[in-house]
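One structure below.
All heavy atoms count here, side chains included; hydrogens, waters and symmetry mates do not. In this text the structure is predicted, and so the values were computed from the model without any measurement. Just so you know, ligand 1 is whichever comes first in the structure, and atom 1 is the first atom listed for that ligand.
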Amino acid sequence: MSTARLEYNGQSWELPVVEGTEKELGIDISELRAKTGMITLDEGYGNTGSCQSAITYIDGDKGVLRYRGYPIEQLAEQSSFVETAWLVIYGKLPNEAERARFSALLTKHAMIHESMRNHFQGFPNNAPPMAILSAMINALGCFSPEVLGNEDESNFEESAARLLSQVRSIAAATYKMHIGQPMMYPRPDFKYAENFMHMMFSVPNGRITPDPDVARALNQFLILHADHEQNCSTSTVRMVASSGANMFASCAAGVSALWGPLHGGANMAVIQMLEEIRKGDLSPAAYMEKVKDKNSGLKLMGFGHRVYRNFDPRSRILQKAADIILAKLKIDDPLLDIARHLEEVALKDSYFIDRKLYPNVDFYSGIILRAIGIPLDMFTVMFAIGRMPGWIANYKEIHDAPRLKINRPRQIYTGATKRDYVPREERG
Ligand code: SDX
């Protein structure tokens, strides 16, 4: 094993270097504090590996993204979301028996428990869908107490299928409640994406027939969001799972982390930004100038990434998918033209080039969601549906480990040094 040497204050220590299957190197500091009395500090964890994982590989410089070794471009083109979900969770492409079994479990668990349906009435109609989703995923655990925290080999697959199927049903039910329409029951003859479209847009006296092109675009969208190594929400799921909390509680925490505008909330913010430009409030060029002015506090939403320093491969696939679905649905969305123009301007502007800022997964995804009729406030919910397999897979990886090790980072304290209590009558 190779080592890295640390020298400080006349002492030196050899620290083991870990090499991954893609030749990534990491200095193993698990014994650092015991050996040196020191810890490392890395605000935002930009340089810190929290775990070794076999699920997703990203090469940020080369724009590479693979789920369990399979390039995202091939999965987006040839796979389905359900098959990709199984791959991400179990580490291999399912054979026919595995695929059929998982599909049957998804169908079995597509319906929301009747008592749980009443929970929706408890929310105000204008409640943020991500708040409802996080709450209802936690509530889901209450309706299947037999699996709360007891996921083992025998029932893990059923729990995973329940969560993956219900996240879609809960999302659609949230939308129906929001617009005052009755919640639709799933159809056993529909596949995952088609059933979602049915539960979103059918009404009791008017069932839709999902457009195959829309279902394909939705499958691609979901595949491209299925996992992304240790992003903020996935790391949150692992943090919660490491305490021994159950899968539903861990993934509900992931929903909360994803909600933020710097993370999954960016897909909504991109459309709001494009709309603002379209309304003429600001020309693309003027908007870009404001973004570059630090005092504006404005960011080019959908741009930049902690890991991708060249391009986000998902953005390229989503841009093509947006072209295809808009053409097939004969939609001329001015926001796509504005998005393209912003990208063109940014890729020639030293501010963005110097900071290695390129379109990320959120820059074009909203255009597709708009085209297939998903309302803006459901965009981040769509991201959560797509990311569910990755959260479940990371939860499983934590629980499959030989021993459950709670995540507990350290800190450097910068507060007041020791001082004595001051009685109230002596305070200023
Ligand atoms: C996702 O981690 C993942 O994998 C996430 C994700 C996934 O699949 O899970 O890929 C999904 O969250 C994609 C990101 C969606 N968020 C956005 O599109 C919001 C806009 N982007 C930024 O907020 C930002 O780029 C982040 C949050 C994505 C990344 O932030 P970093 O890595 O912490 O970078 P930084 O904030 O330190 O920025 C470095 C510099 C700064 O300028 P200086 O102080 O050096 O002068 O770049 C600037 C930033 O101001 N900058 C931007 C910018 N992003 C960074 N300037 C303008 N517009 C932007 N979008």
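Heavy-atom separations between K292 and ligand 1 are all 4.0 Å or longer. Under a 4.0 Å heavy-atom criterion, Q230 is not in contact with ligand 1. Using 4.0 Å as the threshold, G44 has no heavy atom nearer than that to any atom of ligand 1. For the pair L357 and ligand 1, a heavy-atom separation below 4.0 Å is found. Taking 4.0 Å as the cut-off, K294 counts as a neighbour of ligand 1 on heavy-atom distance.
Neither the backbone nor the side chain of H225 has any atom closer than 4.0 Å to an atom of ligand 1 (non-hydrogen atoms only). Of all the heavy atoms of N231, the ones lying under 4.0 Å from any atom of ligand 1 are found in both the backbone and the side chain. Only side-chain heavy atoms of V291 come within less than 4.0 Å of ligand 1; its backbone N, CA, C and O stay farther off. Contacts of R314 with ligand 1, taken as heavy-atom pairs under 4.0 Å, involve the side chain alone. Contacts of R355 with ligand 1, taken as heavy-atom pairs under 4.0 Å, involve the side chain alone.
By the 3.5 Å distance cut-off applied to N or O atoms, V361 is not counted among the residues near ligand 1. On a distance-only criterion, N360 and ligand 1 share at least one N/O pair closer than 3.5 Å.
Looking only at distances, no side-chain donor or acceptor of S315 sits under 3.5 Å from a matching main-chain atom of F311. With hydrogens and angles ignored, the 3.5 Å screen pairs no side-chain donor or acceptor of Y8 with any backbone N or O of M38. Not a single donor-acceptor pair under 3.5 Å links the side chain of H225 to the backbone N or O of R387.
Within a 6.0 Å radius of CD in E275, more than 12 heavy atoms belonging to other residues, nucleotides or ligands are found.
For atom 39 (C) of ligand 1, the nearest protein heavy atom is 4.0 Å or more away. Inside a 4.0 Å radius of atom 26 (C) of ligand 1 there is not any protein heavy atom. For atom 32 (O) of ligand 1, a protein non-hydrogen atom is found at a distance below 4.0 Å. Atom 21 (N) of ligand 1 is flagged as protein-proximal [any protein heavy atom, distance under 4.0 Å]. Within the 4.0 angstrom cut-off, atom 54 (N) of ligand 1 has one or more protein heavy-atom neighbours. In this structure, atom 42 (O) of ligand 1 has protein heavy atoms in its sub-4.0 angstrom surroundings.
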Residues F143, H119; criterion ring-ring contact (aromatic ring centres under 6.0 Å, His included); working and verdict
CA-CA 12 Å; F143 289 88; H119 284 17; 5.6 Å; yes

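Taking only non-hydrogen atoms, the option from T234, L258, L300 nearest to atom 59 (C) of ligand 1 is L300. Checking G302, P261, C232 against atom 18 (O) of ligand 1, the nearest heavy atom belongs to G302. Among L262, I58, D312, D362, the residue whose heavy atom sits closest to atom 23 (O) of ligand 1 is L262.
Just one residue in the list F363, F303, F379, Y364 forms a side chain to side chain contact (heavy atoms under 4.5 Å, CB included) with V270, and that residue is F363. The salt bridge (Lys or Arg N to Asp or Glu O under 4.0 Å) test with D312 is passed by exactly one of R309, R314, R316: R314.
Salt bridge annotation for E77-R216: present, with a cationic side-chain nitrogen under 4.0 angstrom from a carboxylate oxygen.
Neither side chain, T234 nor Q230, offers a donor N or O lying under 3.5 Å from an acceptor on the other. Defined by atom type and a distance below 3.5 Å, a donor-acceptor pair is missing between the side-chain atoms of R33 and T36. Judged by distance alone, the side chains of S53 and E397 do bring a donor and an acceptor atom under 3.5 Å apart. With 3.5 Å as the limit, one finds no donor-acceptor pair spanning the side chains of D42 and T40. Checking N267 against S365 by side-chain atom types alone, no donor-acceptor pair falls below 3.5 Å. Remark: the D293 side chain and the S296 side chain contain no N/O donor-acceptor pair separated by less than 3.5 Å.
Ligand-side atoms of ligand 1 in range of G304: 25 (O), 28 (C), range being under 4.0 angstrom from any heavy atom. Less than 4.0 angstrom separates some heavy atom of R306 from each of these atoms of ligand 1: 29 (C), 31 (P), 32 (O), 33 (O). Against a heavy-atom cut-off of under 4.0 Å, Y351 is close to the following atoms of ligand 1: 48 (C), 50 (O), 52 (C), 56 (N), 57 (C). Shown in contact with A266 at under 4.0 Å from a heavy atom are these atoms of ligand 1, numbered in order with element: 15 (C), 16 (N), 17 (C), 18 (O).
Ranking the protein heavy atoms by distance from atom 12 (O) of ligand 1 puts H263 ND1, 2.9 Å first. Atom 5 (C) of ligand 1 has its closest protein heavy atom at H305 NE2, 3.6 Å. Atom 24 (C) of ligand 1 has as its closest protein heavy atom F303 O, 4.3 Å. Distance from atom 36 (O) of ligand 1 to its nearest protein heavy atom, with residue and atom name: K299 NZ, 4.3 Å. Taking atom 9 (O) of ligand 1 as the reference point, the nearest protein heavy-atom neighbour is R387 NH1, 2.8 Å. Summary of contacts: the protein heavy atom closest to atom 19 (C) of ligand 1 is M301 CE, 3.6 Å. Of all protein heavy atoms, the one lying nearest to atom 4 (O) of ligand 1 is H228 ND1, 2.6 Å.
A distance of 9.5 Å separates OG in S233 from CG in N394, rounded to the nearest 0.5 Å. To the nearest 0.5 angstrom, E98 atom CD is 8.0 Å from E157 atom CD.
Considering every non-hydrogen atom in both M1 and P16, the closest pair reads SD-CB, 3.2 Å.
For H305 and H228, the ring centers sit closer than 6.0 Å to each other.
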